[in-house]
Amino acid sequence: MRPVHGLVALAVLVSLSVAPGQAVAADPRAVAGTGGAVASAELEASRAGVEVLAAGGNAADAAVATALALAVVHPKAGNLGGGGFAVSRFSGRVTALDFRETAPAAALPDMYLDERGQPIPERSLIGPLAAGVPGSPAGLFELHAAHGRLPWPRVVEPAIRLADGFRVSRRLSSDLAEERELLARFPSSAALWLPGGRPVAAGELVALPELAATLRDYAAAGPAAIARGQRAAAIEAASRANGGILSAADLAAYRAVWREAVRFEAFGWEVASMPPPSSGGIILGQTCGILQRTGWASLPRFGAGRAHQLAEAWRRSFADRFLLGDPDRIGFDGSPLLAASWLDLRAGQLRERATRSRKVRSWSEAAGRERGETTHLSVVDADGNAVSMTTTLNGSFGCGLTVDGAGFLLNNEMDDFAAAPGRPNFYGLVQGEANAIAPGKRMLSSMSPTICWRGGELLVLGSPGGPRIPTATVQVLLNVVADGDELQAAVNRPRIHHQWLPDAIFVEPDALAPETVAELERRGHELRGITAIGDVAAVRRTADGDVAAAADPRGGGAAVVQHPAPG
Ligand code: DON
């Protein structure tokens, strides 16, 4: 085991704006070191990861410690009651772990429709009827079992300590205020987060004894502490009492699944990202594949030509997303969408003017909004191993219900299914039969945990943001691999987004100069303003072992690095 190292550099990022075309000098808030690095949505969680690195842990130990700490201090998205994906690279070998939620055994295709076949939106979003079978307890344990170095209880320890008492951050306090109405609907959630009817304020000390007890048993017994026995019974009872269908048998039957990562080449870098049941890796691969064929990198940076090609590439990859779903159920893993012949054809469809989305069909000619929260963490260790993990409850604080007797919130991931195929869901995504509800099936995701490497260099990144996850992620990736940005500058740069339907380019403030907007409109694009696209957490390592970590000024995250390298 390695000696403990004390020195840790950290940076808490605050809002920062960068104008288009501006050369971004070294950001004083960027953090750099020579050991490992963690970027996540909360300072205490990134610290938990670096604590575990300093105790001799590797990237898997640190990623799991960070994820569990997020389940305590970032409850809107960090979780035990949700699911996620992790792409890892250990000693050069890439793995992809799928711990996505599944539909409960009693789920029915029309469970969120009224008698006239119309969707009832609240049903797939609020209360435990919206919950899929949680995958995080099995997934985090599995990731550690496969790749971790420290004993399991040591990795859970920081989260237990936090659950015994932590100071509420400004971010958490404002999350609670924002979702007050949802939390107030469920007395078990209100008792924790709205004592006396008001959201816990920043700086107040909060203890979560039931969650701490769950974490202690999880440290001792692994996922069985949650998926079997008393706690599984408590989850079933809480779900039933609030109109849900989740059962103890569903919890016991849940398994995380190892998958082949999506692999592609982008501007001289190798990339590994998440395959279905996430659409993320395929959208990233299609975007890079199309842009490499259309000469995107040689167009002027921040100009209309580049924004146009990005939008056109995304219009087509989100149209193709319509075909995706749980690969184990629909018999289609999406790989033909990354075939050279298909990318040639898609790239060949780009014109000077915008194509209308209704004219863009998925490759088989199939017919054809974001709030909420997800959270991404990126980790490298001093040996150059990496974990990129995105985990979610779907909506902010999931379905709103905290399980009495377990102390954690249940997700509302069922809304990621096409409750009514062909109709937009909560994120405005129009999805197909491939993603219809069926018992035990995994709902389609957009999460894109990604690792890129070129020789000994590494870039680890991902984001929350529903359909804006792959578009935010690929823009940061392109900023680094195609344009050579420093990590923090790459994360800070303003972004744009297109997702096929609605047929519009969404534009962050300052992302496009007025003349660029005018040129895009002339080419037939509709442009709509949007406050923020994604919340990227990224780390980078040079071949010499220098590390940099960056949290996104759009969120309240924090990056922490280990310095100096463990000897
Ligand atoms: O898996 C998905 O694609 C969605 N459940 C992610 C939701 C999300 O990112 C919300 N965060 N802002």
Side-chain angles (χ1 to χ4, degrees), residues 40-41 70 74-79 81-87 98-103 124-125 130-136 139 171 174-175 178-179 182 273-284 317-318 321-322 324-326 334 369-377 389-400 409-419 424-431 435 437 441-450 461-473 495 497 499 506 530-537 552 554-557:
S40 85
L70 286 169
H74 188 51
K76 75 186 282 193
N79 66 80
F85 301 113
V87 172
D98 163 1
F99 53 102
R100 183 68 161 166
E101 298 92 326
T102 54
S124 61
L125 288 168
V133 184
S136 294
R171 177 182 218 174
S174 86
D175 293 343
E178 209 169 295
E179 296 300 338
L182 174 69
S273 189
M274 199 62 209
S278 182
S279 58
I282 290 183
I283 294 173
L284 255 62
S317 48
F318 275 90
R321 185 188 188 278
F322 194 86
L324 301 176
D326 181 342
R369 166 185 91 155
E370 172 201 346
R371 182 197 62 166
E373 274 302 331
T374 293
T375 189
H376 181 80
L377 62 101
M389 183 193 294
T390 316
T391 169
T392 189
L393 289 168
N394 189 33
S396 193
F397 300 96
C399 77
L409 285 152
L410 289 175
N411 67 83
N412 59 356
E413 218 74 59
M414 291 293 282
D415 192 66
D416 276 352
F417 278 118
N425 76 349
F426 181 64
Y427 297 105
L429 280 170
V430 176
Q431 318 188 84
N435 191 29
I437 302 171
K441 188 176 172 185
R442 286 162 146 85
M443 56 294 279
L444 184 61
S445 172
S446 303
M447 293 190 281
S448 313
T450 299
L461 75 169
S463 177
R468 304 198 287 255
I469 294 172
T471 57
T473 304
R495 301 178 190 135
H497 171 77
Q499 61 177 50
F506 294 84
I530 189 168
T531 333
I533 294 169
D535 179 8
V536 170
D552 199 323
R554 295 163 184 79

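All residue numbers in this chain count up from 1 along the given sequence. Order of listing sets the numbers, starting from 1, for every ligand and every atom in it.
- Separating the CG atom in Asp416 from the OG atom in Ser446 is a distance of 7.0 Å, to the nearest 0.5 Å.
- Atoms of ligand 1 lying under 4.0 Å from at least one heavy atom of Ser446, given by number and element, are 1 (O), 2 (C), 3 (O).
- Proximity of Asp416 to ligand 1, defined as any heavy-atom pair under 4.0 Å, is confined to the side chain (atoms from C-beta onward).
- Comment: Lys76 does not engage Asp535 in a salt bridge, judged by the lack of any side-chain N to carboxylate O separation of less than 4.0 angstrom.
- Residue Asn394 approaches ligand 1 through these ligand atoms, each under 4.0 Å from one of its heavy atoms: 4 (C), 5 (N), 7 (C), 10 (C).
- For Asp98, the salt bridge (charged side-chain N to carboxylate O under 4.0 Å, His left out) partners are Arg259, Arg442, not counting sequence neighbours.
- In this structure, Met443 does not count as a contact residue of ligand 1, since none of its heavy atoms falls inside 4.0 Å of the ligand.
- At a 3.5 angstrom cut-off on N or O pairs, Thr392 does not count as close to ligand 1.
- Atom numbering of ligand 1 starts at 1 in the shown order; those under 4.0 Å from a heavy atom of Ile469 are 9 (O).
- Taking distance alone, with nitrogen or oxygen atoms compared against 3.5 Å, Pro464 stays at or beyond that limit from ligand 1.
- Considering only residues two or more places apart in sequence or on other chains, Glu413 meets the salt bridge (charged side-chain N to carboxylate O under 4.0 Å, His left out) condition with Arg100.
- Residue Ser278 holds its OG atom at 7.5 Å from CD1 of Ile283, rounded to the nearest 0.5 Å.
- Taking the six-membered ring where the residue is Trp, His497 and Phe506 present tilted rings, their angle falling between 30° and 60°.
- For Pro464 against Thr374, the heavy-atom pair with the smallest separation is CB-O, 3.0 Å.
- Contact annotation: for Arg468 versus ligand 1, there are no heavy atoms closer than 4.0 Å.
- Residue contacts with ligand 1, taken as heavy atom pairs separated by less than 4.0 Å, do not involve Asp535 at all.
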